[in-house]
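Okay, structure first, notes after.
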Amino acid sequence: MSTTETTTDPDTLLSIREVADRLSISTATVHRLIQVRDLDHLRLGRRTIRIPESALSDYLTRCTVRRLR
């Protein structure tokens with residue numbers, strides 16, 4: 001696999017910027033989601049935060065509005 005290909009492996013770790021880009025929101029909003037514990041994350045060192053792709057998927061599932069029949 002080349003380095004330009006993206007994967008959907010649930011263990012893939014995403015940066016704050018990558019999550020913001022995928023959701024079309026600001027990085028500040030991603031930080032806010034982390035702060036209020038709506039989005040699970042990993043802290044690697046003092047400044048590095050990564051979001052597992054599975055955590056992003058779980059968040060999107062929780063936020064999905066289902067249509068009533």
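All figures in this text were calculated on a predicted structure; none of them were measured in a lab.
- Under the 4.5 Å side-chain criterion, counting only non-hydrogen atoms from C-beta, R22 is in contact with L56.
- When hydrophobic clusters are built by joining Ile, Leu, Val, Met, Phe, Trp and Tyr residues whose side-chain heavy atoms come closer than 4.5 Å, directly or via intermediates, L14 is grouped together with L23.
- Rounding to the nearest 0.5 Å places CD1 of I49 at 11.0 Å from OG1 of T27.
- Taking R17 as the reference, D21 meet the salt bridge (charged side-chain N to carboxylate O under 4.0 Å, His left out) condition, with sequence neighbours excluded.
- Screening residues 30-48 for side chain to side chain donor-acceptor pair (under 3.5 Å), with sequence neighbours left out, gives T29-R32.
- Counting heavy atoms from C-beta outward, I25 and L33 have side chains that approach closer than 4.5 Å.
- Contact annotation: the side chain of I16 approaches that of I34 to within less than 4.5 Å [non-hydrogen atoms, C-beta and beyond].
- Taken from CG in L42 to CG in L13, the straight-line distance is 6.0 Å, to the nearest 0.5 Å.
- Nearest heavy atom pair, residue T64 against residue L60, reads OG1-O, 2.6 Å.
- Residues passing the side chain to side chain donor-acceptor pair (under 3.5 Å) test with R50, sequence neighbours excluded: none.
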